[in-house]
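Remarks on the structure that follows.
Below, all heavy atoms of this structure are taken into account, side chains as well, without hydrogens, waters or symmetry copies.
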Amino acid sequence: MGVGSIIVDVIVMTAATVVAMLVIGAFARRVLGVRVGTVRIILAGIIGLLAEVGFESQFVWGSYTPALIPVQFGIILFVAIAFLVVAELVVPQGSLPRPDQVLAGIRRSRERSRRYAELLRIGARHRLLPFKLTTEQSSAGASERRRQAAALTAALEDAGGAFVKIGQILSTRSDALPTEYIDAFKRLQQRVPPAGWADVEPVLTASLGRPVDEVFATIAHEPLAAASIGQVHEATLPDGRRVAVKVQRPGIVPLVERDIDIARRLARRLTQSTGWAQRFGLDELAEALTESLRDELDYRVEAANIVAMEAVQAALPEDKRLRVPHFFAEFSARDVLTMEFIDGTTLSEPGVADRLTDHKRSMLAMRLFQGTLSQIMDAGVFHADLHPGNVVVTPDDQLALIDFGSVGRLDSEVRRQITDVVLSFSRGDARLFADTLLSFVELPDDLDEFMLRRQIGEFMSRYLGAGSALDASAFTEVIQILGRHGLAVPPELTAAFRAIATVEGSARVLDPEFNLVTEATGFAQERVDEQRRPKAVARSVADELIGMLPAARRLPRRIDQITGQLATGRLSVNVRLFADRRDRAVLREFINLGAITFLAGVFGLMAALLLSSGAGPDITPTLTLFELFGYLLVILSGVLTLRVVFDVLRRR
């Protein structure tokens, strides 16, 4: 083989490789259904080129002919796509960090390993390893759960950081945890020493853009309260108004992110390796807690919640109105929140309600509960975490709300459905209660609806029968009944039930004789009476008529079309198969996969026939035209087969 032929061959190979890379970049998504990065395309082209060199060493270097160019290009393309298929199956696109993220990942991994070791020592010290959630419904099971809950509470306090906050958030999840854990987590306290003023002042200055002395007339260097994420300082604005300044602890964000990452990893690992975690939905719960914690790291979320709650309280009747601190936007930022200072004592303080008369305690408990129901059903914006520590009794014996990190929002349709649930429950109508509950969820085909309704009826008779008592655990049981039948409870319903259950506990602190059924019945009766008033009836009728106007405008024309078709005998019914786009997508996917499989098989058979025939004009001493076509069909069949294999393995 001459020097000129070698130069030509090198040029051909290089051009074929470049063209193959361009083809891979342009059509890899069409062939494989995934986006391919530049680095992988280059690697695929190089590997394809090396494979093509191996082919040339056997067939081309002895006698080069331009007729082999399609085969050379096909080999590069086939091997490159085969490499991409294997690479995507073994290491999916995006699963490896970029080079600039490697060092940061190593540092985070080292910090995470140290934290893992610390958590393992804490778990071993409190005898939590190995941990298995006890679900046995017996006195022994309840005793074991109390022991586990106490040990886990102590371990969370020792772990500190985000884990205490996770435990406090879990204390509001009566829909997900047994009662023993809820009671234990409610006692969690953040025993965190406050950050020094020398560390806090730079955060305030950087966030507000001015020195602290220019923003506030006075500010206390010692905080009123300190928690793991932030602490609160009392201050005075230049106009003399007292405010509470909530500032994030310096350097807390990376520490919380580290603990969040560890909690999610542990939840995923336990869900994959233990049956109780899988049944419990631990990984989904960890994701929900992660979202809540990240919202708390951004005080702008809480600020928006305060503004929304102010508007809600202003729209409520006077007897259901609760005080909300005013938010000062000009003195706030992502990690600083300035709001009106609320003077008073939280319900979590011992003996706070003892100075109130029995009548006042009963009235405040009723206002707190009915005010929350009005937030849920009338406004659709409600404080979702009204535990005793977030309810303040002011010196003038009024109630104020604080800590708006968790606020729920409901659309009008969900509000109407929740109203129906409360009304049916207060009436003791088991059938209507079941109907309203099931309107929230999508019923699977294999649902045993008879058994579900029977269990709901048993629940109603147990909690609303003679001599029965209703508490927050009832809402947990309702959600557990739905969950046992494989029904995914909407988060809106869970949040509303959780808020009602939480505020019921706070109302009992004010009035130990508080009865949820009595108050809910009174609230429901009030709603029914309001709906029966002439003005309310007229407004409902007007709203319905307005909603029917578009259909009413189209009705005469539709009737005219139908009667005209009847008169001429041309009335027909048009039924579309696969009207749902999801059905069409599945059918299209099966047809495409079947067509590709069929073509791959046909091309493979044709290649086998051509390669075994030995006929056709000679292109080189060792290669005929039919064999050339056979090799090309082998490459084409191989590419299509790789596509089918990739689709099957990726779905598995």
Side-chain angles (χ1 to χ4, degrees), residues 164-165 168 189-252 296-307 309-310 313 322-353 355 383 385-407 506:
V164 172
K165 197 65 181 178
Q168 291 178 333
Q189 299 294 325
Q190 292 182 316
R191 301 185 181 93
V192 180
W197 179 250
D199 298 323
V200 171
E201 185 177 14
V203 176
L204 288 169
T205 301
S207 299
L208 300 178
R210 289 180 291 166
V212 177
D213 294 341
E214 296 181 9
V215 178
F216 303 106
T218 62
I219 184 168
H221 291 187
E222 292 296 323
L224 296 171
S228 60
I229 292 179
Q231 55 191 51
V232 180
H233 294 257
E234 183 180 354
T236 306
L237 296 179
D239 59 6
R241 285 178 293 181
R242 295 173 66 196
V243 294
V245 181
K246 187 176 180 180
V247 57
Q248 210 169 84
R249 296 175 70 91
I252 191 61
E296 294 200 25
L297 289 174
D298 189 350
Y299 288 164
R300 293 174 298 185
V301 175
E302 185 173 350
N305 292 339
I306 293 175
V307 173
M309 288 298 299
E310 279 190 280
Q313 296 302 319
L322 303 168
R323 186 176 172 185
V324 174
H326 179 67
F327 160 66
F328 297 93
E330 61 272 28
F331 304 109
S332 301
R334 179 185 179 88
D335 46 9
V336 176
L337 180 65
T338 301
M339 64 194 112
E340 176 188 1
F341 185 87
I342 299 292
D343 197 8
T345 309
T346 63
L347 290 179
S348 59
E349 294 293 329
V352 65
R355 63 180 180 82
H383 197 306
D385 190 21
L386 280 181
H387 61 76
N390 286 340
V391 181
V392 176
V393 180
T394 62
D396 58 349
D397 296 342
Q398 298 299 317
L399 295 179
L401 311 181
I402 59 174
D403 193 357
F404 296 87
S406 179
V407 169
S506 298

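- Under the rule for a side-chain hydrogen bond (donor to acceptor under 3.5 Å, both in side chains), the partners of H233 that lie at least two apart in sequence or sit in another chain are Q231.
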Cut-off 3.5 Å, no hydrogens considered: what does the side-chain donor-acceptor table look like for residues 211-226, sequence neighbours left out?
| unit_1 | atom_1 | unit_2 | atom_2 | d |
| --- | --- | --- | --- | --- |
| T218 | OG1 | T236 | OG1 | 2.9 |
| H221 | NE2 | W197 | NE1 | 3.4 |

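- Partners of E340 by side-chain hydrogen bond (donor to acceptor under 3.5 Å, both in side chains), not counting sequence neighbours, listed by chain and number: R323.
- Under the side-chain hydrogen bond (donor to acceptor under 3.5 Å, both in side chains) criterion, S332 pairs with no residue at all, not counting sequence neighbours.
- Shown here are the side-chain contact (heavy atoms from CB on, under 4.5 Å) partners of D397, two or more places apart in sequence or in another chain: R355, L356, K360.
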Could you pull out every donor-acceptor pair under 3.5 Å between side chains of residues 238-246 and any protein atom, sequence neighbours left out?
| unit_1 | atom_1 | unit_2 | atom_2 | d |
| --- | --- | --- | --- | --- |
| D239 | OD1 | R241 | N | 3.2 |
| D239 | OD1 | R241 | NE | 3.4 |
| D239 | OD2 | R241 | NE | 2.7 |
| D239 | OD2 | R241 | NH2 | 2.7 |
| R242 | NE | E234 | OE2 | 3.1 |
| R242 | NH2 | E234 | OE2 | 2.8 |
| K246 | NZ | E302 | OE1 | 3.1 |

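- Residues forming a ring-ring contact (aromatic ring centres under 6.0 Å, His included) with Y299 (at least two apart in sequence, or on another chain): none.
- Of all heavy-atom pairs spanning T346 and P388, the tightest one is CB-O, 3.8 Å.
- Under the rule for a side-chain contact (heavy atoms from CB on, under 4.5 Å), the partners of P250 that lie at least two apart in sequence or sit in another chain are A195, D199, V203.
- In this structure D403 satisfies the side-chain hydrogen bond (donor to acceptor under 3.5 Å, both in side chains) test with no other residue, sequence neighbours excluded.
- Using a 4.5 Å cut-off on side-chain heavy atoms (C-beta onward), T345 and V393 make no contact.
- Counting heavy atoms from C-beta outward, L204 and E201 have side chains that stay 4.5 Å or more apart.
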